[in-house]
Every structure is written in structure tokens, then in C-alpha cells.
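Keep in mind the model is a prediction, meaning the values are calculated, not measured. Values below: every heavy atom of this structure, side chains too, minus hydrogens, waters and symmetry copies. One-based numbering, in listed order, for ligands and for the atoms of each. Count residues from 1 along the sequence.
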Amino acid sequence: MRRDTIWDREVETETHTLAFARASAAWEKQFRHLMDHSSFYQRKFRSAGITQVSLTLNEIARLPFSTKDELKGAIDEKPPFGSNLCVAPEMVKRVYQTSGTTGAPSVLALTRADMEMWTTVGARTYFATGIHEDNSVLTTFGAGPFVAGHTHFVLSRIGCRSVPVAPGDTDRVIFGLKAGLADTLLSTPSFAQYLANKPEMAGSKGMQLTHIVTGGEPGGGIPTIRDHIQNALDVTVTEVMGIGDVAPSLFGECPRQQGMHFCGGGHVWVELVDPESREPMTIEAGAVGELVYTHLTREAMPVVRFLGGDIVRIEGSPCECGRSTFRMRVIGRRDDMFIVRGVNVYPSAILAVVGRFRPRVTGRARVVRKTSEVSVTPPVPVEVEVVDGHDADANLRAEIEEAIHSTLIFRAKVDLIPEQSFGDSGYKTRLTRNSLPRIGGGSGRGA
Ligand SMILES: [Zn+2]
């Protein structure tokens, strides 16, 4: 039996100086690997004026950012694996697909070493949430084709009992939980919230469930959502986050519930940049910025200074759990952000307000964007999912509008939508609905 509560104690508790030294050594090799094998990055670096044969981690901000669209372009340029495949195709041993909402899906190729890296980082992540070898975990993450399927390797590595259920198979999840097959549930926060709203889940005899780990979308870190799930199901909620192009599980929150620890030490280098100017920022408590990722050890399809699109608040370190890695909470997706009278707003802020109106609302809500403009003129259209019988509740509508106005300082026009009309599965909720034909691709989030 393993006694340590930290999966990779040496890496996860080291000082910033040691972490930087570890990353620097890996980066030097990685930069050579890119210059030798990635025609995509060779070209990109050259056009940014970088022609040298070595470049230290201290100088990384000289390199240009990479975007999701560019990576997709690299695939299209040389299918199936693209001009950023840095290994011989026969080295590729696993392929995941991403859920592009427009056009063909994109692919992610992994070598054996890349799979091992994802499993190592994933084991640190889930172990940090409190999943250890004596736990029994019901997971609703599918085995494929998406990167969240890699979680199955991670659970095997940790050595816990695994109870897999297909995504969306609610009956089997409820059966499994009520039968006492699992003490831990892995799901999206939308699905956890859906379970928490089901009366038959409360106080079931035989239930062993004590812990829900949410991932795949933000929500597990929003207090009104978290508190509701914790209270209704008598569980502890922690959350994980990953990015498909980087690692499917990269941040994990420990039971102290003070934000998600970075778990990619030695394999992924993270920078924080100003969301507007993209100037580097220091990763320190209170800083709000966009996370930027660089693979230090990925062999096939490594990314350099990849703009992940997640705007986060740094919660600082160290933590009582002993990990010295920084912690963060996601504020929102850059793509979901809009501006009302010069103030940046993320739809997750609206969820936090709407959640106060349970049990009349379910907790789900979304912003309707009528143009592709980032600036929205108030009143901002917001759709709120309500429990049956409340869709014509004018008082409720007025109360929510008032709460949004007093908390977020802008006017909203609320539409109450009954559960059967809200759309989306209960599994994952889009925080923005465009009433225009849409633009843009999937976020490729991991879990
Ligand atoms: Zn901790």
C-alpha cells in the first residue's frame, strides 16, 4: 500500500528554482527536437527572426504564440498528422480526435513516451484530488475518441477500482451509485448538478458516494454550483482541468479546495500573460491572466507557447497539502468573454448569480450573443433553465435581473426556459448561445 498522499513528491514539492532547472534542461533538448523535426515550428520561428540553434527557457517569451487555428492548419497542410508531427508516423501509437464544431475533426498523435507522459501527469492530477488506490471510481468519461478517454489509463496507474459508464447513461450512473459500487464520481459539473437536482439521489441507502471530481468544463469551482452539489449529495467536490492539445489532465484540486494545482512539472511549462496585451505576467497570488503552455517532453505534435484560451486567477502557493506548485481557478474561456460598457464579463459570473435561485432554477444558464461583436449593449440576453412550472414566473425573472444588475453592474434581459426546451444534454452546457450561424471550433478541453 502506498502511504504518501503526493504522487510524485520530488517534482510536486520542489522549489521554484529547482522546478525551473528541471524544465530548462528538458526545454534545451525540446528546442533542438523542434528545430530538427517540426517544419511547422521551424517556419514559424524563422518568420519571427529566430534562427539560432539553441534558446534557453529564460528567452522563451521571444518565441511567437501558437493558436488552435494554426495547429489545425498544420494538420490540414500535411494530413493525417500534419507538419508538426516530429516523429516518423510509425512511432505514433495512439490517436485521439478533437470535436471540431466546424469542418473535419482534428487529430492528436501520441508516441508511447507521450502516452506515458500523459499518464504520469494525469496520475499526479487525480491523485491530488484525493483518488488513491483504495478508492472506487465511477467514471462517465468515454473511452474515445476524445482525450478524456486517457483517464482510464490514469485510473489504472493509480490502482483504484474503476467503474466505467458511458457518457450520458444516466440510469447506469444512478444504479451504480445507489448500489454502492463507487465512492467517487468523475463527471462534468453539469452532470453532477443534474444528479444533485434529482430527488431520488438524496439520502439513498447504500450510497457510498463521498467525492465528486468535476472536469471537462468550468463549474466545479463556482461556489453556488459547488455548494449545491456538495449539500444535495453530501459529498466533497474537487475539480480537474486539462487541455486536449497539451495534456488531458493537467491541473488537480486537492481536498483543501483552494484551486487546482499545476501537475505538469518537468513535462509542461506554463506562462501567464495579460489577456489583452499578451505581455508576460508573474504567476503570483491574485494575478489574473491567460495560461500559455509549452511541451517540454512531448515527442509527436509538441506545442510551444500555446494559447489555451482559459482566463484564470492564480491562488498562490504553497498549500497545506505539501505541494509547492501554483494553484488556480478558471474564471472563464476567452471565447466566451464579452464586454459590457468596457468591463470584461464571463458567463460563469452569471451562473454564480443564477445559482442563488434554486430550487426554482436548475443552475444552468447561458448568454445569447446576437452578433459576433465582443461588445454587448445591455440589456444582455440571458437564458435561465427553470424547474417545471416556473417558466412564466414573472417575479422570478425580475428577481434574477435585479440580482445580475446589483452583482455584475449591468442590465440583463432574462428568459426563463423549461428543462425540456433548454437543449444540450445535461452532460455539458455551453455558456454562450450564438443566434448567428457559427464560426469557431471546439475548445478541445480535456478532463
Ligand atoms: Zn493542495
Side-chain angles (χ1 to χ4, degrees), residues 2-20 22-23 118-135 137 151 154-155 157-160 183-186 189 192 210-216 218-223 225-227 229-230 235-243 246-270 272 282-289 291 293 308 310 312-331 446-447:
R2 221 187 140 93
R3 285 165 307 271
D4 201 340
T5 54
I6 299 182
W7 182 261
D8 211 336
R9 178 163 287 275
E10 188 185 334
V11 174
E12 295 180 77
T13 63
E14 68 193 355
T15 62
H16 180 73
T17 308
L18 286 175
F20 186 84
R22 181 187 299 277
W118 275 16
T119 305
T120 298
V121 172
R124 290 179 195 164
T125 300
Y126 281 97
F127 207 73
T129 70
I131 294 177
H132 298 166
E133 59 273 54
D134 52 346
N135 289 112
V137 183
T151 309
V154 170
L155 296 178
R157 176 66 54 87
I158 289 175
C160 60
D183 53 36
T184 307
L185 170 70
L186 305 189
T210 56
H211 182 198
I212 297 181
V213 181
T214 66
I222 297 173
I225 295 179
R226 168 171 293 193
D227 292 349
I229 298 168
Q230 294 196 143
V235 295
T236 301
V237 172
T238 58
E239 59 171 346
V240 295
M241 191 191 98
I243 304 91
V246 182
S249 319
L250 187 57
F251 296 90
E253 183 176 35
C254 76
R256 304 298 192 284
Q257 296 181 302
Q258 300 295 313
M260 291 179 270
H261 283 280
F262 171 61
C263 296
H267 294 292
V268 177
W269 183 249
V270 176
L272 186 72
T282 304
I283 297 182
E284 60 188 359
V288 171
L291 291 176
Y293 307 93
D310 290 296
V312 306
R313 185 181 61 244
I314 304 298
E315 300 289 354
S317 54
C319 179
E320 283 172 27
C321 71
R323 288 174 184 80
S324 56
T325 52
F326 77 87
R327 283 170 287 138
M328 63 83 178
R329 279 234 194 275
V330 176
I331 294 176

Q: For the Zn ion (ligand 1), which protein N/O/S atoms fall under 2.8 Å? Skip waters.
A: Cys254 SG, His261 NE2, Cys319 SG, Cys321 SG
Q: Among Arg22, Arg323, Arg9, whose side-chain hydrogen bond (donor to acceptor under 3.5 Å, both in side chains) with Glu14 holds?
A: Arg22
Q: Can you establish whether the number of heavy atoms outside Gln257 located under 6.0 Å from its atom CD is more than 12?
A: yes
Q: Just verifying a value: how many Å separate Ile212 CD1 and Thr129 OG1, rounded to the nearest 0.5 Å?
A: 12.0 Å
Q: Could you tell me if the side chain of Arg327 sits less than 4.5 Å from the side chain of Glu253, heavy atoms only?
A: no
Q: If we only count heavy atoms from C-beta on, is the Met241 to Thr125 side-chain gap below 4.5 Å?
A: no
Q: What distance do Trp269 atom CH2 and Phe262 atom CZ have between them, rounded to the nearest 0.5 Å?
A: 8.0 Å
